[in-house]
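The chains referred to below are lettered A, B, ... by the order of the sequence lines, with proteins before strands, and numbering in each begins at 1.
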Amino acid sequence: MSTLSVTLPDGSTRELAQGATALDLAKSIGSGLAKAAVAAVVDGVETDLTAGLSDGQEVAIITANTDEGRHVLRHSTAHVLAQAVTRLFPGAKFSVGPAIEHGFYYDFDLPDGKTFSDDDLGAIQKEMERIVKEDQPFIRSEMSPDEALELFADQPYKCEIIQRVTSADGDALDAGEVGSGDAISAYRNSDTFVDMCVGPHVPSTGKLKHFALQRTSGAYWRGSEEARMLQRIYGTAWESKGALEEHLTQLEEAAKRDHRRLATELDLLSFPSEIGGGLAIWHPKGATVRRMMEDYSRERHERGGYQFVFTPHLANGKLFSTSGHLDYYADGMYPPMEMDNGTYYMKPMNCPMHCLVFASRQRSYRELPIRLFELGNVYRYERAGTLHGLMRIRGFTQDDSHIFCREDQLADEVASLLDFVLSVLRAFGFDDFTFNLSTKDPGKFVGSDEIWEKATEALREALDSHGLDYGVKEGDAAFYGPKIDIDIRDAIGRSWQLSTIQADFNNPERFDLEYIGADNARHRPIMLHRALFGSIERFFGVLLEHYAGAFPTWLAPVQVRVLPVAAAHEDYARSVEDQLSAAGVRVDRVDANDGLGKRIRAAKLEKLPYVLVVGDDDVANTTVGVNPRGGDVERDVPLQSFLMTIAAEIEQGTSQAMSA
RNA sequence: GCCUGGGUAGCUCAGUCGGUAGAGCAACGCACUCGUAAUGCGUAGGUCGUGAGUUCGAUUCUCAUCCCAGGCUCCA
């Protein structure tokens, strides 16, 4: 019997019997590998383990504990989910079920418009476990579109996908589902269940043991609000029980640092329903942190050559017609207020006002760039279902800046803006950034193509000159100009979009802004929009989750708490408190009405940076017992020495921030 | 806005197959005066999100509405 030879990733070759599969290859290397294998890469193409190999191919085995391997597991588990649902809900139509980050989902259309309730998940999970136990094979077949239409005749969503992918306008989603070209592939698990899919899949359902269904939700077919709403089930799947449990634990940990929960626990702010959805009130402690953030921001802007302005929350609708907001974003604005001399709106952005500041008098080229800065309150009518704590809110404050400059200043200005933004973000403990350049949305823009080209090029140049890697989001720009978005990654690896730098050649035109050039002629300035925190509220939320409520000392609402051991030490405790307070430290005191242990516990739960315990020895020697957050207790520390330490820490926190 | 689930004391939650509610923590009071993550006892606190309907009677059932959560869509 002849053999075939394949090359492994390490360059070595292996002889296998004719007709051998990737699984045979894995077995020949080792039983452990065969057990962990879920798919293979043959000549650069992901393939089923059960596919036959040919002489001369390069083959790599994909194991379950890799990103690619988990992707296969999750995709295969989605098929098991679909089969379970079709067993439990006869007549259910299924549409698409991809693997996603950390898991998978599948969308269904249940007969008679039925919906899933959370209670259904348990039964579906059990059915899935049954299918896993049955160890059904995933058997691949390929067919023509016509054959596929016949096979999936009772699955209208599959038919629609087949029709779309075989017509000229097949899109990425469809391609992911069925591949491209004339051959449509499908995977059959049993006599009663077959699903269209490019694969690859695990050899059999017995490989899929460690998964959990998580939640149900509605999801529009093809992501369109006009289309039918399908029923989606989300789940997660992993290569081992340990990995699954670790993931579930991580989710719990993330939930523990949810800013909405911490905001309540730490008494920072609240969202009273009496006020309305998406509108927060800041309690004293939250307000203190916010004030520190804002003070720092003001300080940096002042040193950065910005001029501070204030503008009103309301404006005549004509202003927003001029800016284009009413043409493009009326839906996102609060409804109009009819007043005696016109129609007024809450402002959704500050830029029109800042344009008027520029226009308030004649400007000379010598003045440029003019950098206007405002902590500006804006109101946007976010749809009810989109509100999310501080992250998505209806009334918020932008640390908003508009820079008016000459064309020859644009590149430098964008470049220095990038430096400025990154330096301030670093001061708040973020150092992992992602950059994205968003380009014109062909369906929603103002201004000429030429202007857009110019603006986009300026942003691109700034990113390139900084040697930054960035992605391009085609069609993601605001209606008035292209933008650079900066995402940060927080302490538990989630990414948040914060800062944005936007070039705008349109508003200067709409507001007819001009300056007198060196040539004594009138010229149009270029405008840059720039938010750094984005919204103070959102940034605060991100910061709160990033630090899990344990703010660094310079930001902490209460920096030190003084605890007298017993009533006899209260006078001394008060004096310690006064001295710290006089030194500018945010300090409070809790007298000995409760046991010391209880008061310390309370302070720890509040995540205070320092707890000072003072007793007999301290009164006698003017010392304190220092219990720092996350550190060891130190007794008999001279008060003056603690004072100097914490003053330095606060100063350093701020000044590190300043020079970062 | 759409789908699903929820709203009971300051917080976290239990409960009521329709007969106006309960725990822990917090608060307050008394006792204890204590050296580094919960001292003990007691008191008070709720028109059960809001409005309407059904009913002898609604926190419980129905409808509407507001708010919240997870998704979808949207996010200048």
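Pairs of Watson-Crick or G-U wobble type, with distances under 3.5 Å, assemble into runs of 3 or more in RNA chain B at these ranges: B:1-7 with B:66-72, B:10-13 with B:22-25, B:27-31 with B:39-43, B:49-53 with B:61-65.
Only the C1' atoms considered, B/A76 is 46 Å distant from B/U60, to the nearest whole Å. The same atom, C1', is picked in B/C13 and in B/C72; the two are 30 Å apart, to the nearest Å. Separating the C1' atom of B/A9 from that of B/U47 is a span of 14 Å, rounded to the nearest Å. Atom name P, nucleotides B/G1 and B/C11: the rounded distance is 26 Å, in whole Å. For B/A52 and B/G29, the P atoms lie 39 Å apart once the distance is rounded to whole Å. Of the C1' atoms belonging to B/A23 and B/G5, the separation is 25 Å, rounded to the nearest Å. For the P atoms, the distance from B/G49 to B/A14 is 14 Å, rounded to whole Å. Spacing of C1' atoms, B/A37 relative to B/C75, comes out at 43 Å, to the nearest Å.
If you check the side chains of A/Glu545 and A/Trp496, you find no donor sitting under 3.5 Å from an acceptor. A/Ser270 and A/His283 share a donor-acceptor pair across their side chains, judged by distance under 3.5 Å alone.
The distance between atom CG of A/Asp591 and atom C1' of B/C34, rounded to the nearest whole Å, is 14 Å. Atom CD in A/Glu274 sits about 13 Å away from atom P in B/G51, given to the nearest Å. Here the C1' atom of nucleotide B/C25 and the CD atom of A/Glu606 are 14 Å apart, to the nearest Å. Between A/Arg261 atom CZ and B/C68 atom C1' the separation is 16 Å, expressed in whole Å. Rounded to whole Å, atom C1' of B/G35 lies 14 Å from atom OH of A/Tyr572. The NE2-C1' distance, from A/His569 to B/G35, rounds to 9 Å in whole Å. The CG atom of A/Asp636 sits 13 Å away from the C1' atom of B/U36 (whole-angstrom rounding). Between A/Phe271 atom CZ and B/G49 atom C1' the separation is 18 Å, expressed in whole Å.
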Protein-to-nucleotide contact annotation, 5' to 3' order, nucleotides 37-47 of chain B [B base; S sugar-phosphate only; - none; under 4.0 Å, heavy atom]: BBB--------
Base versus backbone protein contacts along nucleotides 70-76 of chain B [heavy-atom cut-off under 4.0 Å; B, S, -]: BBBBBBB
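Looking at residues two or more places apart in sequence or on another chain, you find a salt bridge (Lys or Arg N to Asp or Glu O under 4.0 Å) between A/Asp485 and A/Lys483. Residues forming a ring-ring contact (aromatic ring centres under 6.0 Å, His included) with A/Tyr234 (at least two apart in sequence, or on another chain): A/Tyr105. Residues passing the salt bridge (Lys or Arg N to Asp or Glu O under 4.0 Å) test with A/Asp120: none are found, sequence neighbours excluded. Taking the side-chain contact (heavy atoms from CB on, under 4.5 Å) definition, one finds that A/Ala548 meets it with A/Arg257, sequence neighbours left out. Legend: residues meeting side-chain contact (heavy atoms from CB on, under 4.5 Å) with A/Arg261, ordered by chain and number and at least two apart, are A/Lys256, A/Asp258, A/Glu265.
Put simply, the side chain of A/Gln125 gets close to the backbone of A/Phe211: a donor and an acceptor are under 3.5 Å apart.
Here the side chain of A/Val565 is nearest to one of B/G1, B/C3, B/G35, namely B/G35.
Heavy-atom distances to RNA chain B give each of A/Leu612 and A/Ser273 a nearest nucleotide, and the one nearer the 5′ end belongs to A/Leu612. Annotation: of the two residues near RNA chain B, A/Ala567 and A/Val626, the 5′-most nearest-nucleotide partner is A/Ala567.
Using a 4.0 Å heavy-atom criterion, one finds that A/Gly389 contacts the sugar-phosphate atoms exclusively. Contact annotation for A/Gln231: backbone-only contact, meaning every heavy-atom pair under 4.0 Å involves sugar-phosphate atoms and none involves a base. Among the atoms of the strands shown, none is found under 4.0 Å from any heavy atom of A/Gly481. A/Phe116 comes within contact range of the sugar-phosphate backbone alone, with a heavy-atom separation under 4.0 Å but no base atom that close.
Listed by first then second residue, pairs satisfying salt bridge (charged side-chain N to carboxylate O under 4.0 Å, His left out) with a partner in residues 623-640 of chain A read A/Asp617-A/Arg635, not counting sequence neighbours. Judged as a side chain to side chain donor-acceptor pair (under 3.5 Å), the pairs with a partner in residues 590-602 of chain A (not counting sequence neighbours) are, in order, A/Arg589-A/Asp591.
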For residues 559-575 of chain A, tabulate all N or O donor-acceptor pairs below 3.5 Å that involve a side-chain atom, not counting sequence neighbours.
| unit_1 | atom_1 | unit_2 | atom_2 | d |
| --- | --- | --- | --- | --- |
| A/Gln559 | OE1 | A/Arg586 | N | 2.7 |
| A/Gln559 | NE2 | A/Thr553 | O | 2.8 |
| A/Arg561 | NE | A/Asp588 | OD1 | 2.9 |
| A/Arg561 | NH1 | A/Glu606 | OE2 | 3.0 |
| A/Arg561 | NH2 | A/Asp588 | OD2 | 3.0 |
| A/Arg561 | NH2 | A/Glu606 | OE1 | 3.2 |
| A/His569 | ND1 | A/Ala566 | N | 3.0 |
| A/His569 | ND1 | A/Ala566 | O | 3.4 |
| A/His569 | NE2 | A/Asp616 | N | 3.2 |
| A/His569 | NE2 | A/Asp616 | OD1 | 2.6 |
| A/Glu570 | OE2 | A/Ala592 | N | 3.4 |
| A/Asp571 | OD1 | A/Arg574 | NH1 | 3.1 |
| A/Tyr572 | OH | A/Thr623 | N | 3.1 |
| A/Tyr572 | OH | A/Thr623 | O | 2.7 |
| A/Ser575 | OG | A/Gln579 | NE2 | 3.3 |

Contacts table for residues 525-536 of chain A: side-chain donor-acceptor under 3.5 angstrom, sequence neighbours left out:
| unit_1 | atom_1 | unit_2 | atom_2 | d |
| --- | --- | --- | --- | --- |
| A/His529 | ND1 | A/His402 | NE2 | 3.2 |
| A/His529 | NE2 | A/Asp504 | OD2 | 2.7 |
| A/Arg530 | NH1 | A/His301 | NE2 | 2.8 |
| A/Arg530 | NH2 | A/His301 | NE2 | 3.1 |
| A/Arg530 | NH2 | A/Asp399 | O | 2.9 |
| A/Ser535 | OG | A/Glu537 | N | 3.3 |
| A/Ser535 | OG | A/Arg538 | N | 2.9 |

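The base of B/G35 lies close enough to the side chain of A/Asp618 for a donor and an acceptor atom to sit less than 3.5 Å apart.
Residues A/Val85 and A/Phe116 are in side-chain contact: their nearest non-hydrogen atoms beyond the backbone lie under 4.5 Å apart.
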